[in-house]
Amino acid sequence: MSEEKKSLNFIEQIIEEDLGNGMKNENLRFRFPPEPNGYLHIGHTKAIGISFGLGEKYNAPVNLRFDDTNPAKEEQEYVDAIKKDVSWLGYQWANECYSSDYFQQLYDWAVQLIEDGKAYVDSQSSEAMAEQKGTPTEPGVASPYRDRSVEENLDLFTRMKNGEFDEGSHVLRAKIDMASPNMLMRDPIMYRILKKAHHRTGDDWVIYPMYDWTHGESDYIEQISHSLCSLEFKPHRDLYNWFRDNVFEYSKDEYPNAPKQREFSRLNLSYTIMSKRKLLKLVEEGIVAGWDDPRMPTISGLRRRGYTPASIRNFIETVGVSKRENVIDVALLEFKIREDLNKTANRVMGVLNPVKLVITNYPEGEEEILIAENNPEMDAGTREVPFSHELYIEREDFKEEANRKYFRLTIGKEVRLKNAYIIKGESCVKDADGNITEIHCTYDPLSKSGSGTEESKRKVKGTLHWVSMKHAVKAEVRVYDRLFSDEAPDSHKDKDFMEFLNPNSLEKIEAFVEPSLASAAIGDRFQFQRLGYFNVDDDSTKEKLVFNKTVGLRDTWAKVNK
């Protein structure tokens, strides 16, 4: 038992203590509360994994709640995308909730706070209020409207709700402590006038509750036991508790369980930005093709690039839960998808930078079918691959002359063609500029892979992938590099993160792939032997295959960077 407790993360320890102190297991309830103002990104997967992971561990319900309090930035598109992403990751929520469903209850509680002298309508400008807030070392100054009568505050708040005032003319503030060392407690705004249609409530409301007021009370309404959020919300905990404790007195019979907020460190990833505002800028300025561009750190972008739910969940599990901020090397995420696809992706052959290879002693016009193993890591069967007189190989797999460390094809040396024969370089043909246009070689007809002959067992140092020219299928291959060339692109105070965009983050090339891929469906994942892992892009059609490079077979970035 003690060993098991040692392995618990600090959030699980808190829950175990609460259970030990009398909390009933059936009262455990968690939530993942995204704001629908953008697509989820890799940073959100930690929060998703923590809350849904606790739900699975304790067999407790987990709500998916949209904190939709800002109609100016929120859209149904984002709601739909978030639901798709969470489902794709393999999580199931108990209830689909919206803070907007609680607008009436939140308004009623705000009225009760006004009646108890704990909230008031302020009619100053936002600039004046900001000035009166003070500094972390100096107390704030009370608003001249702080001591309005309960009757006047109720009247103004009702008229705010009824749409009688312009935006910015009045706000509702909680009356807490203008001298608090925590500036969030210095009479925070609870409601503002915003005459914009909401994606769910339409024009029913012209005042909207602020996040800090809405978020905690939505937890309370849903009877969330543990409100888990990232470290930047730690200063908000005092305000969370103040709102919760006051409202609890109004509704403890209906909502008997008060939630507690606890914070964990965010997931920060090298060479990546996590700000939805900055990601939106990339979309709006056409730097990327959309939220699901495979270069984006969004879940939809990772999915389109070929990442699997298992790889992302394994990544989050490895990162773990901590209280201290740190930056995770993006190479760990790439390692996890490489590890997953090595076990699950079928091996195929594709040539990205083709040059013609002619086997001079193979009968012209003849062809044969070779048998290739789909995945040596699992029992995935075999497939047929056609072989003929003329092939494509990678241009970089041939040199006229090379040193002893070059184990690919060169004049006078032998290599094996994968699943096929041993060939020997004989000569090459060049164009007027000296570029190689054809490579001529001979083959050993007795060296066929798997034939069992002595010749087939002969050891050669190099093995090349290839595609039969006659049977090759054209495909567009999109090769991705990191979107940013700087390890922390948004950490420079004197520079804009856009200055670190990598101009070579996307290369589109015309490639040739083996004919078995002609029937590949969108989302299918493969290992192109010797090249990396690829998947079929959403843009792919029967007439035009499009592949995305998910990740290379090994981490080459560290070597290049060094």
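All figures in this text were calculated on a predicted structure; none of them were measured in a lab.
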Hey, are [Y] and [X] close enough side-chain-wise for a donor-acceptor pair under 3.5 Å?
| X | Y | answer |
| --- | --- | --- |
| Asn63 | Asn95 | yes |
| Ser265 | Lys46 | yes |
| Asp122 | Gln124 | yes |
| Asp219 | Ser227 | yes |
| Glu35 | Tyr211 | no |

Check: [Y] and [X] side chains under 4.5 Å, non-hydrogen atoms:
| X | Y | value |
| --- | --- | --- |
| Gln527 | Asn346 | no |
| Arg530 | Lys418 | no |
| Phe66 | Pro34 | yes |
| Leu341 | Thr550 | yes |

Does [X] qualify as a cation-pi partner of [Y], given the criterion of NZ or CZ under 6.0 Å from the six-membered ring centre and within 45 degrees of its axis?
| X | Y | answer |
| --- | --- | --- |
| Lys474 | Phe512 | no |
| Arg65 | Tyr98 | no |
| Arg262 | Phe233 | no |
| Arg295 | Tyr480 | no |

Are the aromatic ring centres of [X] and [Y] under 6.0 angstrom apart?
| X | Y | value |
| --- | --- | --- |
| Phe103 | His198 | yes |
| Phe534 | Phe528 | yes |
| His492 | Phe500 | yes |
| Trp213 | Phe243 | yes |
| Tyr91 | Phe52 | yes |

Task: Arg395 and Asp397 ion-paired at < 4.0 Å - done: no
- [ ] Quick one: pull up CG in Leu333 and OG in Ser270 and give me the separation to the nearest 0.5 Å.
- [x] 9.5 Å
